[in-house]
Amino acid sequence: EVQLVESGGGLVQAGGSLRLSCATSGFTFDDYAIGWFRQAPGKEREGVSCISSSDGSTYYSDSVKGRFTISSDNAKNTVYLQMNSLKPEDTAVYYCAAEHRHLVVDPRRAADFGSWGQGTQVTVSS
């Protein structure tokens with residue numbers, strides 16, 4: 001059974017940093033792409049970043065490029081999202097998602113990912 005557990009969310013002032021973690025189990029980590037998505041109230045779920053642990057290739061949305069860094073620890077089957085220079089508009093519930101890397105056509109698209117964590121709230125105050 002695929003399991004994804006996010007942690008690391010919280011309340012931070014604008015300009016601050018947080019590191020989210022996504023601990024995974026139930027699948028061969030190297031075969032999967034892991035994505036981070038976020039959803040603010042009243043908005044659609046947005047693809048923020050994605051990593052393919054087999055080759056380390058990454059994707060970032062324009063809204064976070066240069067501020068967020070995705071990484072993976074293959075020994076721990078865990079993916080991290082380091083978020084720096086946070087802005088109030090980064091406030092959202094952040095989800096990690098997993099799918100076999102050959103099935104992910106567009107890392108921005110939530111429908112390309114079949115397994116999801118429960119989410120962790122990130123709130124950035126101005």
Side-chain angles (χ1 to χ4, degrees):
E1 179 188 3
V2 174
Q3 288 193 324
L4 307 169
V5 180
E6 302 98 334
S7 61
L11 172 64
V12 64
Q13 288 188 331
S17 298
L18 284 174
R19 189 178 79 155
L20 305 183
S21 299
C22 175
T24 76
S25 61
F27 58 91
T28 303
F29 192 72
D30 286 354
D31 289 342
Y32 273 63
I34 309 296
W36 282 100
F37 291 77
R38 66 186 182 187
Q39 189 163 21
K43 294 189 176 181
E44 292 188 357
R45 194 164 294 192
E46 172 193 9
V48 171
S49 186
C50 183
I51 188 167
S52 178
S53 54
S54 62
D55 61 5
S57 58
T58 58
Y59 156 80
Y60 296 96
S61 68
D62 287 342
S63 60
V64 307
K65 198 173 294 182
R67 300 188 297 123
F68 291 10
T69 303
I70 192 169
S71 62
S72 67
D73 184 334
N74 290 20
K76 295 182 178 180
N77 291 349
T78 299
V79 172
Y80 304 96
L81 186 68
Q82 178 67 43
M83 306 186 296
N84 298 329
S85 302
L86 283 162
K87 305 174 181 179
E89 51 263 45
D90 293 319
T91 295
V93 178
Y94 283 70
Y95 301 88
C96 66
E99 186 53 79
H100 196 284
R101 56 190 174 92
H102 293 310
L103 299 180
V104 177
V105 176
D106 185 348
R108 299 168 295 179
R109 194 165 61 192
D112 280 23
F113 292 82
S115 299
W116 292 81
Q118 81 288 352
T120 185
Q121 176 70 46
V122 171
T123 303
V124 184
S125 63
S126 57

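What you see is a predicted model; the values in this text were computed from it and never measured.
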Student check: side-chain heavy atoms of V5 and C22 closer than 4.5 Å: no
Donor-acceptor pair between N77 and T24 side chains, under 3.5 angstrom: no
Lys/Arg cation over aromatic Y80: R19, 6.0 Å, 45° cone: yes
Ion pair D90/R67, N-O distance below 4.0 Å: yes
Reported CD-to-CD distance for the pair Q3 and Q118, which is rounded to 0.5 angstrom: 10.5 Å
Nearest-0.5 Å distance, CG of residue L11 to CG of residue L18: 9.0 Å
Y95 and F37 aromatic centres sub-6.0 Å: no
Cluster link V93 to V124, ILVMFWY, side chain under 4.5 Å: no
Test item: Q82 side-chain N/O and T69 main-chain N/O as donor-acceptor pair under 3.5 Å: no
Any donor-acceptor N or O pair under 3.5 Å, side chains Y94, R38: yes
Parallel, tilted or perpendicular: ring planes of F29 versus F27, cut at 30 and 60 degrees: parallel
Closest contact, heavy atoms only, K76 versus T78: O-OG1, 2.9 Å
Joint cluster assignment, V48 & I51, ILVMFWY side-chain distance < 4.5 Å: yes
Donor on one side chain, acceptor on other, T91 and E89, under 3.5 Å: no
Side-chain H-bond candidate by donor/acceptor type, D30 with T28, under 3.5 Å: no
Minimum-distance pair of heavy atoms, taken over all atoms of V104 and D112: C-OD2, 3.8 Å
Aromatic centroids of F68 and W36 separated by under 6.0 Å: no
Cluster overlap Y59 with I34, hydrophobic side-chain contacts below 4.5 Å: no
Within 6.0 angstrom of R108 CZ, more than 12 heavy atoms from elsewhere: no
hydrophobic_cluster_shared for L81 and F113, side chain cutoff 4.5 Å: no
Polar side-chain atom of E6 near backbone of C96 as donor-acceptor pair, under 3.5 Å: yes
More than 12 heavy atoms from other groups under 6.0 Å of CD on Q13: no
S17 vs M83 side-chain heavy atoms within contact, under 4.5 Å: no
